[in-house]
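The structure appears below as structure tokens.
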Amino acid sequence: MHIFRISELSRHIGQEVTVRGWLYNKRSSGKLRFLLVRDGSGIVQTVTFQGDVSEAVFEASDRVTQESSISVTGKVAEDKRSPGGVELQVRDIQIHQIAPEYPISPKEHGSAFLMDHRHLWLRSSKQHAILKIRHEIIRASRDFFDSQGFVLVDAPIFTPAACEGTTTLFETDYFGEKAFLTQSGQLYMEAAAMAVGRAYCFGPTFRAEKSKTRRHLTEFWMIEPEAAFMDLEGDMELAENYVAHIVHRVLDERKEELKVLERDTAPLEAVQTPFPRISYDEAVRILHEKGLPFEYGNDFGAPDETAISENYDRPVMVHRYPAAIKAFYMKKDPADPTKALCVDMLAPEGVGEIIGGGQREDDYDTLLASIDKHGLPVSAFEWYLDLRKYGSVPHAGFGLGIERTVGWICGTPHVRECIPFPRMMHRLTP
RNA sequence: UCCGGAGUAGCUCAAUGGUAGAGCGGGUGGCUGUUAACCACUAGGCUGGGGGUUCGAGUCCCUCCUCCGGAGCCA
């Protein structure tokens, strides 16, 4: 018996093969039964003619229900009438298990219902395509940083205190002590960069904010590179090369999936380096020119980000925000100490921020004063201050949100579909 | 936490204050090439919970619950 995956069938025309999978859909006409079988690699139509098979096999073709698990044996044939152009002319059907009425029908459903059945929803073709593109983005990310001499250094999930002291964190009991789920691996990557020169981490991060928007999850994945002897300019160059790399990789390797998602690839093809770089002040000018009621000194809201990115056909990098609205570890611009040497990358098509980063404060006394000014407990940051005590160097890095990036590239407006099992304010199951 | 919206069949949705409905899905039957097949028949309901107004409430009022979208926060 020759067992093949459905994606390989076009190379075995005329041969008798067995495919193993699940019933995707079923149609019939008189003495013909059309079973659409999916196996994770693709979907193939199988044809059973009553006159060609035993009574038991024909009966099996009637009895299988949506998502029942089956093995089908038959001859591979080219046929224009079959979706995909290839079909399997059935000789034998083996039923592994008959599924009772499947909750997800081929018609439309609401997002809450689908999320309640996320474990089954993953079997549908669009969700499938998103998972594969997510995988490709992660693979391309690793390839990119590995090839640039970055060392993968895993950051801890349990942390003793707030990394940045701004957002609300999930608190857990750690043998009678308070511990928090990490909101960023950055501080640890700074330590790693001082050890290996260039480091990155990729892992889950947690925010206990009660956000209910298409851009937010309570648990999301970030990739965070950090490099010693790097300034803001170098950081922006790294960020644009990285983002361009993953977009090109998906365009090259995941054409089929983008097609399944009906993604217009023209905006993705426009993503070429260099990306435009504008200062916060210039971005504010754009908003005011467009007549948006934006107050200088504030951070940009979602409509502001959209208005700024509308001016460009590729991601735009906005740098040098007011230091007052940024985290304590940001280095101030020597040319204007009211500004921070930071950068946000805004993706086009109304997606908004996918990257936040910048150059870190590398002077011991300045950092100490900043920790104090932000009302953070110095004791919790003693190890972090050590990095400025023992061989401090200029260094920079950034964090990229994987789900937002997947959403942008897939053209999926809501990040909840960009992670296998999303965790949101009102969603802890499945 | 704030501002909007929605809860009716397994799902997606209809229903002037006057007998609870359709499509899909399920079941049964029909059709020798179906394409989210089609045709016929069929089962399926405490209209989110509680209270009120009314001769009469899915519909109007109060309240609670759940969810959705957005804001803030950020990736």
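Reminder, nothing fancy here: chain letters follow the sequence lines and each chain counts from 1. Below, each value reflects all heavy atoms present in this structure, side chains not excepted, and no hydrogens, waters or symmetry copies. Since the model is a prediction, treat every value here as computed from it, not as a measurement.
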Whom does [N] pair with, Watson-Crick or G-U wobble, provided both distances fall under 3.5 Å?
N: B/G10; value: B/C24
N: B/C2; value: B/G70
N: B/U54; value: none
N: B/G45; value: none

Does the structure show A/Phe220 stacking with B/A75, if we require the centres to be closer than 5.5 Å and the planes to be within less than 30 degrees of parallel?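 Yes, A/Phe220 stacks on the base of B/A75.
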
Can you tell me if A/His426 touches the phosphate of B/C67, counting only side-chain N or O atoms and a distance under 4.0 Å to OP1 or OP2? yes

Output yes when at least one side-chain N/O atom of A/Arg215 is less than 4.0 Å from OP1 or OP2 of B/A71, else no. yes

Reading RNA chain B from 5' onward, which residue's closest nucleotide shows up sooner: A/Lys31 or A/Arg81?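 The answer here is A/Lys31.
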
On the side chain of [X], is there an atom forming a donor-acceptor pair with the base of [N] - under 3.5 Å, no angle test?
X: A/Arg404; N: B/C74; result: yes
X: A/Ser105; N: B/C11; result: no
X: A/His216; N: B/C74; result: yes
X: A/Glu101; N: B/G27; result: no
X: A/Gln45; N: B/U34; result: yes

Whole Å only: how far is the OH atom of A/Tyr102 from the C1' atom of B/G27?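 In whole Å, B/G27 C1' lies 21 Å from A/Tyr102 OH.
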
Would you mind reading off the distance between A/Phe113 atom CZ and B/C24 atom C1', rounded to a whole angstrom?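 For the pair A/Phe113 CZ and B/C24 C1', the rounded distance is 12 Å.
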
Ignoring hydrogens and angles, state whether a donor on the side chain of A/Thr48 or A/Ser61 is under 3.5 Å from an acceptor on the partner side chain.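 The criterion, which ignores hydrogens and geometry beyond distance, is not satisfied for A/Ser61 and A/Thr48.
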
Classify the side-chain pair A/Tyr384/A/Glu190 by whether it contains a donor and acceptor separated by less than 3.5 Å. yes

State which of B/U32, B/G69, B/C74 makes the closest approach to the side chain of A/Lys212.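 Side chain of A/Lys212 sits closest to B/G69.
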
Which nucleotide, B/U32, B/A71, B/C68, lies nearest any side-chain atom of A/Ala112? B/C68

Are there more than 12 heavy atoms of other residues, nucleotides or ligands under 6.0 Å from atom CZ of A/Arg423? yes

